[in-house]
There are 2 protein chains.
Amino acid sequence: MEKKVPTIKEIARKLNISVSTVSRALHDHPSIGLRTKTAVKNMAAALNYEPNQTAIFFKKGKTFTLGIVLPNLAEEFFSAVINGIEQVSMQNNYIALVGQSHDSLETEKKIVETMKNHRVDGILASISKNTTEIDHFRQMNKYGIPVVFFDRVPDVADIHSVSCNLYDSSVEAVEYLINLGHRRIGYLQGPPTLSIKNERLDGYRDAHKKHQLPLDESLIVHSDLSTEGTQAAFDQLMSLENRPTAILAFNDYVALDAIRYARQKKLRINKDISFVSYANLPVTRYVDFPPLASVEQFPFEQGARATELLFKLINQKSSGQEMPYENVVLQGKLVLH
Amino acid sequence: MEKKVPTIKEIARKLNISVSTVSRALHDHPSIGLRTKTAVKNMAAALNYEPNQTAIFFKKGKTFTLGIVLPNLAEEFFSAVINGIEQVSMQNNYIALVGQSHDSLETEKKIVETMKNHRVDGILASISKNTTEIDHFRQMNKYGIPVVFFDRVPDVADIHSVSCNLYDSSVEAVEYLINLGHRRIGYLQGPPTLSIKNERLDGYRDAHKKHQLPLDESLIVHSDLSTEGTQAAFDQLMSLENRPTAILAFNDYVALDAIRYARQKKLRINKDISFVSYANLPVTRYVDFPPLASVEQFPFEQGARATELLFKLINQKSSGQEMPYENVVLQGKLVLH
DNA sequence: TCTGATAAGTCAAACGTTTGCATACCTTTG
DNA sequence: CAAAGGTATGCAAACGTTTGACTTATCAGA
């Protein structure tokens, strides 16, 4: 056991040739003769030689490793994103380090730091809901590590990003409820930090304008995304003198929490109160009363596109050119259940 | 931009001392004088020096990286395991590469191969349901990469593992149903590959014996864990002349699929048919009719314990000693809903 | 026979760090 | 005052691989 791993040197010694010849032979360099080449390859096979990647990483200054920073793996949305990332990175023979911020800025910083130390070739990040500044990501610039943000994207222009535009689908979602006859539609929003670039709210507002429905600000409430927060927000809506008959929820989890809570309160789903939400997660398939519709945000595609963009940046870097900031925007899509 | 990163050499040159002195100074080596030490540290700080980890990895032959191989991140069970792994590995300044086998043996092999190439210091693995042999893991031995299996553990003795014993809690689960008055209890099993070491079934059988209930083999059916497979298995149970009044389901997903299907068939949950299952996943909180009880398998603890064991192996390795095969077994626990 | 091209291979430096050993100086101590 | 011991530092090798520059042999063409 622990038999020391064979190296290029050993092959060279056994064959009485130089290491450079061995190296080139293994890489099919043109200036190595066929005879030597096959001899080397045979010997390599016989010894069960495997190149020492850490040496190569070191020598080449690349690690063929990507870093993924995201809030929480347990959310189906993010594990779907990872599948997208995985697909593209595997094609490129890259592998990924994963770090969860658990929505803590401190943890996020620590993860980014660790990834920098591990000299990842690039970073894919979805920021935590408490990320108020992105200096720790900007730092990566100095180390030549490109960063691509996805989904939860900071609202600034000088970054690379892939995200999902929810404006149109928000309009569509509200119109869908209006067409069902709803006139009082609540909006159960997420925390302010996640609502800076508030496409959902803009869509909500504009759909009202478009259909000449009055806009009642008391119909817009916040949840911190915890179950309790959502329940409090729901109570707030239900205590209005003029209750909403439908609710647009920040995401499926919020909708599910609200629906469960509403049922505890003996409200009849889809009669007393209807729901539409965002994310279109598989988990909604298991419940009796899922939201009527949900806006698909294409996690897999976001992951795949972000990774493609990242690879473009990585390759561009080695070719020395500068790339303009690229912001890929996928269009969300309302899916009826 | 792309300003080249400062190295230990630069510090040495600027200070007109040797690199070894710098290296030792930065590591607080006792034989470096205070004056030199502070000078070096100041210069390092001024230049914003960061050690090149790839060089260190290479030199030390370690990467401070763990590999995690598991079937599917989207399962809440596994993301909970990752949280456990994360906690322990962060304490040790390790970071983790994650690979999903998606229940394909081929993919699993490829992941393990890639991780070996990246020279991870150790591997944590939960095998796919199609993993019939574990040579690819055994190979790691030759490279001095210890492997610890968790949860879905191969049924052989010469490995390290952390898993959850489900025998006692299976007995308990069935007894719970018996105490509720059930006399015909179906067992909706998983695929044969996952049932080699069949503690669930043994518990199911022994609980029957213990309570002198006849054991009807037709009450034991298989699902491949897909929704359709589960529905087929459920139909099989319901087409018996003497139907079960309760079902022990392989895991929560199976139970949820079956429950939904049962409701489509107008069966009344907890009246016509009751469920108990395994995993105790948070997702069951969102449904109207969760299983009556579920066996907690402590994913977080499994992840943490497996990682602790792995670190023991990694450290033992460098101290040259051999460790006996260790198989940590946590006891599952029936949780009433 | 000489020139020059080509093929096949070697040499040695380089990547950044760690570490065993040697060295230089200084201070004790017998 | 010389030997011993300690303190602070430098030297150089080593980890495994890649790669630009260089050497040697072979051979075609003039």
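- Between the CD1 atom of A:Ile8 and the C1' atom of C:dA12 there is a distance of 15 Å, rounded to whole Å.
- Between the side chain of A:Thr131 and the backbone N or O of A:Glu133, no donor-acceptor pair lies under 3.5 Å.
- Chain B approaches DNA chain D within less than 4.0 angstrom (heavy atoms of the protein), and the contacting nucleotides run 5' to 3' from D:dA8 to D:dG16.
- Minimum interatomic distance between A:His160 and A:Leu309 (heavy atoms only, all atoms of both residues): CB-CD2, 4.1 Å.
- Counting to the nearest Å, the P atom of C:dT10 and the CD1 atom of A:Ile11 are 14 Å from each other.
- A:Lys60 places its NZ atom 22 Å from the P atom of C:dA13, with the value rounded to the nearest Å.
- Side-chain proximity of A:Ile17 to C:dG20, C:dT10, C:dA8: nearest is C:dT10.
- Between A:Met140 and A:His136, the shortest heavy-atom distance links the atoms CE-O, 3.6 Å.
- No donor-acceptor contact under 3.5 angstrom links the side chains of A:Ser23 and A:Ser20, judged on distance only.
- A residue-by-residue look at A:Leu34 and A:Val19 shows that A:Leu34 has its nearest nucleotide of DNA chain C further toward the 5' end.
- Separating the CG atom of A:Asp28 from the P atom of C:dA8 is a distance of 14 Å, rounded to the nearest angstrom.
- C:dT18 atom P lies 10 Å from atom CZ of B:Arg24, rounded to whole Å.
- Between the side chains of A:Ser31 and A:His29, at least one donor N or O sits under 3.5 Å from an acceptor N or O.
- Nearer to the 5' terminus of DNA chain D, by closest-nucleotide assignment, is the contact made by B:Pro30 (compared with the other of A:Ile56 and B:Pro30).
- Interface remark: the A:Ser20 side chain does form a donor-acceptor pair with the C:dC11 base, using a distance-only criterion of under 3.5 Å.
- Distances shown here put every side-chain N or O of A:Ser31 at or beyond 4.0 Å from the OP1 or OP2 atom of C:dG9.
- B:Glu113 and B:Lys116 are joined by a salt bridge, as a carboxylate oxygen and a charged side-chain nitrogen come within less than 4.0 angstrom of each other.
- Here the shortest heavy-atom pairing between A:Ser18 and A:Ala12 reads C-CB, 3.9 Å.
- Look at NZ on A:Lys59: it is 8 Å from C1' on C:dA13, rounded to the nearest Å.
- Take the nearest nucleotide of DNA chain D for B:Asn16 and for B:Phe58: the residue whose nucleotide is more 5' is B:Asn16.
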Show every donor-acceptor pair shorter than 3.5 Å between a side-chain atom in residues 118-125 of chain A and any protein atom, with sequence neighbours excluded, or say none if there are none.
{"from": "A:His118", "atom 1": "ND1", "to": "B:Thr65", "atom 2": "OG1", "distance (Å)": "3.4"}
{"from": "A:Asp121", "atom 1": "OD1", "to": "A:Thr63", "atom 2": "N", "distance (Å)": "3.0"}
{"from": "A:Asp121", "atom 1": "OD1", "to": "A:Thr63", "atom 2": "OG1", "distance (Å)": "3.3"}
{"from": "A:Asp121", "atom 1": "OD2", "to": "A:Thr63", "atom 2": "N", "distance (Å)": "3.2"}
{"from": "A:Asp121", "atom 1": "OD2", "to": "A:Phe64", "atom 2": "N", "distance (Å)": "2.8"}
{"from": "A:Asp121", "atom 1": "OD2", "to": "A:Tyr94", "atom 2": "OH", "distance (Å)": "2.9"}

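- Contacts of B:Ser23 with the nucleic acid, taken as non-hydrogen atoms under 4.0 Å apart, include base atoms.
- Within the nucleic acid shown, B:Thr54 has no heavy atom closer than 4.0 Å to any nucleic acid atom.
- At a threshold of 4.0 angstrom between heavy atoms, the contacts of B:Phe57 with the nucleic acid are absent.
- Overall bending of the helix from C:dT1-D:dA30 to C:dG30-D:dC1, expressed as the angle between end axes built from five pairs apiece, is 70° (10° steps).
- A pairwise comparison of heavy atoms in B:Ala306 and B:Phe150 identifies CB-CB, 4.2 Å as the closest pair.
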What verdict does the side-chain contact (heavy atoms from CB on, under 4.5 Å) test give for B:Val22 and B:Thr36, after you've listed the backbone C-alpha separation in whole Å, the side-chain angles of each residue and the deciding distance to 0.1 Å? CA-CA 9 Å; B:Val22 176; B:Thr36 339; over 6 Å; no
